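All remarks here apply to the structure that follows.
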Number of protein chains: 2
Amino acid sequence: MSSPDKVFDALASTTRRKILAYLRDRPLHAGAIAARFDMSAPAVSKHLSILEGAGLIWKRREGQFVLYGMDQGNLAGHLWAFMQEVCPPSRTLRREVRAEHEAGEGQPPEARRAE
Amino acid sequence: MSSPDKVFDALASTTRRKILAYLRDRPLHAGAIAARFDMSAPAVSKHLSILEGAGLIWKRREGQFVLYGMDQGNLAGHLWAFMQEVCPPSRTLRREVRAEHEAGEGQPPEARRAE
DNA sequence: TAATGAATTAACTGATTAGCTAAAAGGTGT
DNA sequence: ACACCTTTTAGCTAATCAGTTAATTCATTA
């Protein structure tokens, strides 16, 4: 499973998105996270391992506890890459870029787009 | 199912993300989309209806064909809202905001965080 | 109206997923 | 070693999902 696949898969669960929101400001122990959900600790643990596998959070053992925290850069990076792939630039920006290209080289802009 | 739920659910499939990428530059007929995948037309049709239900694409009948196109604003809007919810602002921005709060009211910033 | 083509809906199947409980693993302290 | 606590793994079940083929809907054209 490719990395973006794992990321979008991880984000597809409301529970997991909530976990990310909880971790937004500070790391939390596994127990503290589980306490906020109406489900068993093993269920939450599985969600955490999916988030970790997607590279969205890190974990560190601290004595008998396990601390989890966000990997903010990775989440932002993946979403950003996706936006670039799927959302075209605004019309005015696109016009600017085309003008630059046509001034500088003989290639039409279509020839440079990823296929 | 809430709207962001539908959006992330829609994005969780590689096939559906590919469809969005195909629609990035121009609308396409259902058949033209299905032709790019190694699966039956009904399967693709189901993917399209999930994307439509999430508000990520629109559809319009054109004679016997059905044209599909992206709803770029919606996709960008949802991802942006999510980023805001989950990715904290930069440290310096956060310091600024805290300074404002502490100047204005007696509550520490923690008391204002979602529980 | 009948025939054809495009797309969707219906009905079904196999695989995956989310949850549970019970058991194990890892760490602390007596 | 033992008891205790936190967390994860194993094994299971019910529900959901992605795909299939067959049948239906909608539009066109003879």
Side-chain angles (χ1 to χ4, degrees), chain A residues 1-23 26-71 82 86, chain B residues 1-23 26-71:
Chain A
M1 202 185 201
S2 90
S3 182
D5 279 356
K6 282 190 197 160
V7 170
F8 282 104
D9 198 67
L11 294 179
S13 144
T14 310
T15 300
R16 292 194 284 269
R17 291 198 305 281
K18 262 188 199 156
I19 291 175
L20 289 179
Y22 288 144
L23 294 179
R26 65 221 164 303
L28 289 172
H29 291 146
I33 298 169
R36 307 193 180 201
F37 291 95
D38 200 19
M39 70 180 76
S40 69
V44 174
S45 178
K46 216 185 290 181
H47 285 299
L48 286 169
S49 95
I50 288 169
L51 286 167
E52 196 203 353
L56 300 179
I57 62 176
W58 47 260
K59 86 166 157 186
R60 183 169 68 230
R61 188 164 262 283
E62 293 202 326
Q64 27 181 354
F65 301 87
V66 176
L67 193 65
Y68 283 94
M70 279 212 48
D71 241 327
F82 176 67
V86 164
Chain B
M1 205 184 199
S2 91
S3 182
D5 279 356
K6 282 189 197 161
V7 170
F8 282 103
D9 199 67
L11 294 179
S13 144
T14 309
T15 300
R16 292 192 286 267
R17 291 199 304 282
K18 261 189 201 154
I19 291 175
L20 290 179
Y22 288 144
L23 294 179
R26 66 218 162 304
L28 289 173
H29 290 146
I33 298 169
R36 307 193 180 203
F37 291 95
D38 201 17
M39 70 180 77
S40 68
V44 174
S45 177
K46 217 186 289 182
H47 285 299
L48 287 168
S49 94
I50 288 170
L51 286 166
E52 196 203 353
L56 299 180
I57 63 175
W58 47 260
K59 86 167 158 184
R60 183 170 67 230
R61 187 164 263 284
E62 293 202 325
Q64 29 182 353
F65 302 88
V66 176
L67 193 65
Y68 283 94
M70 279 213 47
D71 240 326

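Nothing here was measured: the structure is a model prediction, and the numbers come from that model. A note on names: the letters A, B, ... follow the listed sequences, proteins ahead of strands, and every chain is numbered from 1.
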If I take atom NZ in residue Lys18(A) and atom P in nucleotide dA18(C), what distance separates them, rounded to the nearest angstrom?
15 Å
Heavy-atom closest pair, residues Asp71(A) and Gly55(A):
CB-O, 3.5 Å
Would you check if Asp9(B) and Met1(B) make a side-chain contact, meaning some heavy-atom pair closer than 4.5 Å?
yes
If the plane angle is over 60° it's perpendicular, under 30° parallel, otherwise tilted; pick one for Phe37(B) and Tyr22(B).
perpendicular
Ring geometry between Phe82(A) and Phe8(A) (parallel below 30°, tilted from 30 to 60°, perpendicular above 60°)
perpendicular
With nearest nucleotide decided by heavy atoms, which residue, Thr15(A) or Ala30(B), maps closer to the 5′ end of DNA chain C?
Ala30(B)
With distance as the sole test, does Arg16(A) use its side chain to make a donor-acceptor pair with the main-chain N or O of Leu11(A) at under 3.5 Å?
no
Any residue of residues 39-51 of chain B with a heavy atom less than 4.0 Å from an atom of DNA chain D:
Met39(B), Ser40(B), Pro42(B), Ala43(B), Lys46(B), His47(B)
Just by distance, do the side chain of Trp58(A) and the backbone of Met70(A) share a donor-acceptor pair under 3.5 Å?
yes
side-chain hydrogen bond (donor to acceptor under 3.5 Å, both in side chains) against Thr15(A), all qualifying residues, sequence neighbours excluded:
none
Indicate the atoms forming the closest heavy-atom contact of Val7(B) with Ala54(B), along with that distance.
CG2-O, 3.6 Å
Taking only residues two or more places apart in sequence, or in another chain, which ones meet Arg60(A) in a salt bridge (charged side-chain N to carboxylate O under 4.0 Å, His left out)?
Glu62(A)
Closest approach of Ala41(B) to Ala34(B) (non-hydrogen atoms, all atoms of both residues):
CA-CB, 4.3 Å
Residues from residues 61-71 of chain A sitting under 4.0 Å of DNA chain D, heavy atoms only?
Gln64(A), Phe65(A), Val66(A), Tyr68(A)
Within this structure, what is the CE-to-C1' distance between Met1(A) and dA15(C), rounded to whole angstrom?
13 Å
Donor-acceptor pair, side chain of Arg17(A) and main chain of Ile19(A), under 3.5 angstrom:
no
State the dot-bracket string of DNA chain D. Criteria: Watson-Crick or G-U wobble, both atom distances under 3.5 angstrom; notation: ( ) intrastrand, [ ] crossing earlier pairs, | interstrand, . unpaired.
||||||||||||||||||||||||||||||
Within this structure, what is the CG-to-P distance between Asp9(A) and dT16(C), rounded to whole angstrom?
12 Å
Within this structure, what is the OG1-NE2 distance for the pair Thr14(A) and His47(A), rounded to the nearest 0.5 Å?
9.5 Å
Heavy atoms, side chains only, cut-off 4.5 Å: are Val44(A) and Arg36(A) in contact?
no
Outer limits of DNA chain D sitting under 4.0 Å from a non-hydrogen atom of chain B, read 5' to 3', are dA18(D) to dT28(D)
How long is the line joining CD1 of Ile33(B) and C1' of dA6(C), in whole Å?
13 Å
